[in-house]
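All residue numbers in this chain count up from 1 along the given sequence.
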Amino acid sequence: MIEILGIASDIAGGKLGSAKGVALLYEYMREKNLAILHDKNYLSLDSSIIPPAQKDDYTKHIDVLYDFFKDKVAKRAEEIICENNFPFIISGDHSSALAVAQGIQNALPDERIGIIWIDAHADIHTPFSTFSGNLHGMPLAAIIGHKAPNKNTLTQSQEESWEKLMNISKDSIQPENIVYCGIRSLEKAEQDVIDSKNICVFSVESLQKGRADCIEKMKEVLTQSTKIYVSVDIDVLDCSEFQSTGCNESNGLYMQELIMLTKDIIESFSHKIIAFELSEFNPTLGNTKEQDKAAVCNFLHEVIESLTNNVVLQR
């Protein structure tokens, strides 16, 4: 069965408010009875009681986040999978994906985990390369265990904290088992990692012009992956259509394109998908709040129906 895992944390992002998006969507799904919701699956980190980070800190809130990720997020993701249920994650900022992925790895140590990352951003900075210090730009680097030196000099404590964050699970997910969809805003340090690790990228243009061909290529790239985690950052959408997110970008997918892409992925990898995530919906931002809320809720309906028919009922 599908279990909703709500992760109401937004202190790793540049703007607060996405935790409120989790609360809103969690309650909506409860009202519509879309899936199983347990109080123990609503995990919250209250930003109001956490002191602000220093502007020049390259690992903002890392120790607080490590405890939250290790003791709550990764643990609960692991438990849901071990209970033979399907975790559908609604998260605030995207940093929590590093804990979800490592929780999946802990639950399935003998499986080769793949990731389909649908996002406007690569999220593969490290504390050594970041400009902002916000961990929502670093989850994939933590997931693959990347720590190469770059422009920033860290204290020993910061290096040790990053090391701990990368090792919530015993094993890292390999970069050859990662596929990007829709990324279009990234810095040189991120592009260098993508190039050096030979990570597969499908541009917005390629997805719009030849989605079926992209899906076939994904199958080739992820042949060795035995289980797949799909993570969607809502900022993959074009900013002209969707504004309720903290880092929206132009030249993105449109909602109907995202729905069709997601459904195609679910149908094509139905025997492998082990978890699904929607991240970074921030209902406090933008000038089209009600329109954006309706669009996200419709997306949830479409995806849960597809997951139910193609993944859950086929187990």
Side-chain angles (χ1 to χ4, degrees), residues 1-9 19 21-45 68-92 94-118 139 143 168-171 173 177 222 225-233 262-263 265-279 281 296-297 299-315:
M1 293 185 289
I2 295 176
E3 279 197 44
I4 306 302
L5 178 58
I7 307 172
S9 171
V22 177
L24 186 156
L25 295 178
Y26 202 84
E27 187 55 36
Y28 174 81
M29 297 175 87
R30 187 191 301 277
E31 291 174 1
K32 299 298 181 181
N33 197 28
L34 289 182
I36 298 173
L37 291 96
H38 297 302
D39 289 342
K40 65 182 178 181
N41 285 351
Y42 189 83
L43 311 177
S44 179
L45 188 60
F68 179 65
F69 289 160
K70 179 178 181 292
D71 298 336
K72 294 188 176 182
V73 178
K75 180 182 178 183
R76 191 61 198 130
E78 178 182 355
E79 289 171 347
I80 292 172
I81 291 172
C82 289
E83 291 161 2
N84 203 32
N85 287 324
F86 184 97
F88 189 111
I89 300 102
I90 305 292
S91 60
H94 215 174
S95 66
S96 56
L98 73 87
V100 172
Q102 294 188 76
I104 294 170
Q105 186 74 62
N106 287 337
L108 304 167
D110 297 327
E111 301 283 2
R112 193 176 179 92
I113 308 300
I115 298 177
I116 299 175
W117 195 268
I118 304 173
I143 287 167
I168 293 173
S169 64
K170 180 180 178 182
D171 299 311
I173 292 172
N177 296 318
L222 297 174
S225 299
T226 57
K227 299 295 180 184
I228 291 173
Y229 162 41
V230 181
S231 184
V232 178
D233 185 325
T262 304
K263 285 184 171 182
I265 288 171
I266 291 169
E267 291 171 10
S268 299
F269 296 96
S270 60
H271 59 299
K272 292 185 176 184
I273 292 179
I274 195 66
F276 188 95
E277 178 180 28
L278 175 65
S279 187
F281 168 51
V296 171
C297 290
F299 178 76
L300 290 177
H301 277 277
E302 296 275 3
V303 173
I304 287 178
E305 181 181 20
S306 183
L307 285 168
T308 300
N309 293 336
N310 293 286
V311 179
V312 177
L313 294 180
Q314 303 306 316
R315 288 186 169 190

Checklist entry - Is there side-chain contact between Trp117 and Asp233, with heavy atoms separated by less than 4.5 Å? => result no
Checklist entry - Any donor and acceptor pair, going by atom type alone, linking the side chain of Lys272 with main-chain N or O of Leu222 inside 3.5 Å? => result yes
Item to check | Spatial distance of atom CE (Met1) from atom OG1 (Thr308) [nearest 0.5 Å] | outcome: 11.5 Å
Checklist entry - What is the minimum heavy-atom distance between Asp39 and Arg30, and which atoms define it? => result OD1-NH2, 4.0 Å
Checklist entry - Which pair of non-hydrogen atoms, one from Ile113 and one from Asn177, has the smallest distance, and what is that distance? => result O-CB, 3.5 Å
Item to check | Non-hydrogen atoms of Ala101 and Ile115 that approach each other most closely | outcome: CB-CD1, 4.4 Å
Item to check | From CE (Met29) to CD1 (Ile36), nearest 0.5 Å | outcome: 11.5 Å
Checklist entry - Side chains of Asn41 and Ile4: does their closest heavy-atom pair fall under 4.5 Å? => result no
Next on the checklist: What I want to check is whether the side chains of Ser306 and Glu267 have a donor and an acceptor closer together than 3.5 Å.
Outcome noted: no
Checklist entry - Has the side chain of Thr226 got a donor or acceptor atom that lies under 3.5 Å from a matching backbone atom of Arg112? => result yes
Checklist entry - So how far is it from Ile7 CD1 to Ser96 OG, rounded to the nearest 0.5 Å? => result 4.0 Å
Item to check | From Ile274, Leu278, Ile265, residue fulfilling side-chain contact (heavy atoms from CB on, under 4.5 Å) relative to Val230 | outcome: Ile265
Item to check | Any donor-acceptor N or O pair under 3.5 Å, side chains Asp171, Gln105 | outcome: no
Item to check | Distance-minimising heavy-atom pair for Glu277 and Ser231 | outcome: OE1-OG, 2.6 Å
Checklist entry - Within a strict 4.5 Å, meaning less than it, do heavy atoms of the Leu24 and Tyr26 side chains meet? => result no
Item to check | Glu78 and Lys75: CA distance, side-chain angles, deciding distance, salt bridge (Lys or Arg N to Asp or Glu O under 4.0 Å) verdict | outcome: CA-CA 5 Å; Glu78 178 182 355; Lys75 180 182 178 183; over 6 Å; no
Item to check | CG-CD1 distance between Leu108 and Ile104, expressed to the nearest 0.5 angstrom | outcome: 7.5 Å
Checklist entry - Which value, rounded to the nearest 0.5 Å, describes the distance between Phe69 atom CZ and Leu98 atom CG? => result 5.0 Å
Checklist entry - Ion pair present between Arg76 and Glu79, side-chain N to carboxylate O less than 4.0 angstrom? => result yes
Item to check | Spacing of NE2 belonging to His271 relative to CG belonging to Asn310, to within rounding of 0.5 Å | outcome: 12.0 Å
Checklist entry - If we only count heavy atoms from C-beta on, is the Phe276 to Leu307 side-chain gap below 4.5 Å? => result yes
Checklist entry - Yes or no on side-chain contact (heavy atoms from CB on, under 4.5 Å) for Tyr229 and Ile173, after CA distance, side-chain angles and deciding distance? => result CA-CA 11 Å; Tyr229 162 41; Ile173 292 172; 6.0 Å; no
Item to check | Smallest separation among heavy atoms of Ser279 and Gly92, with atom names | outcome: OG-O, 3.2 Å
Checklist outcome for this item: Heavy-atom nearest pair, Ala19 first then Tyr42, reads O-OH, 4.4 Å
Checklist entry - Are the side chains of Ser225 and Glu111 in touch, meaning some heavy atoms are under 4.5 Å apart? => result no
Checklist entry - Is the backbone of His301 close enough, under 3.5 Å, to the side chain of Glu305 for a donor and an acceptor to pair up by distance? => result no
Next on the checklist: Would you say that Ile266 contacts Ile273 through its side chain, given a criterion of any heavy-atom pair below 4.5 Å between the two side chains?
Outcome noted: yes
Checklist entry - Would you call Ile2 and Leu34 a side-chain contact if the rule is heavy atoms closer than 4.5 Å? => result no
Item to check | Test item: Cys297 and Leu25 side chains (from C-beta on) under 4.5 Å apart, heavy atoms | outcome: yes
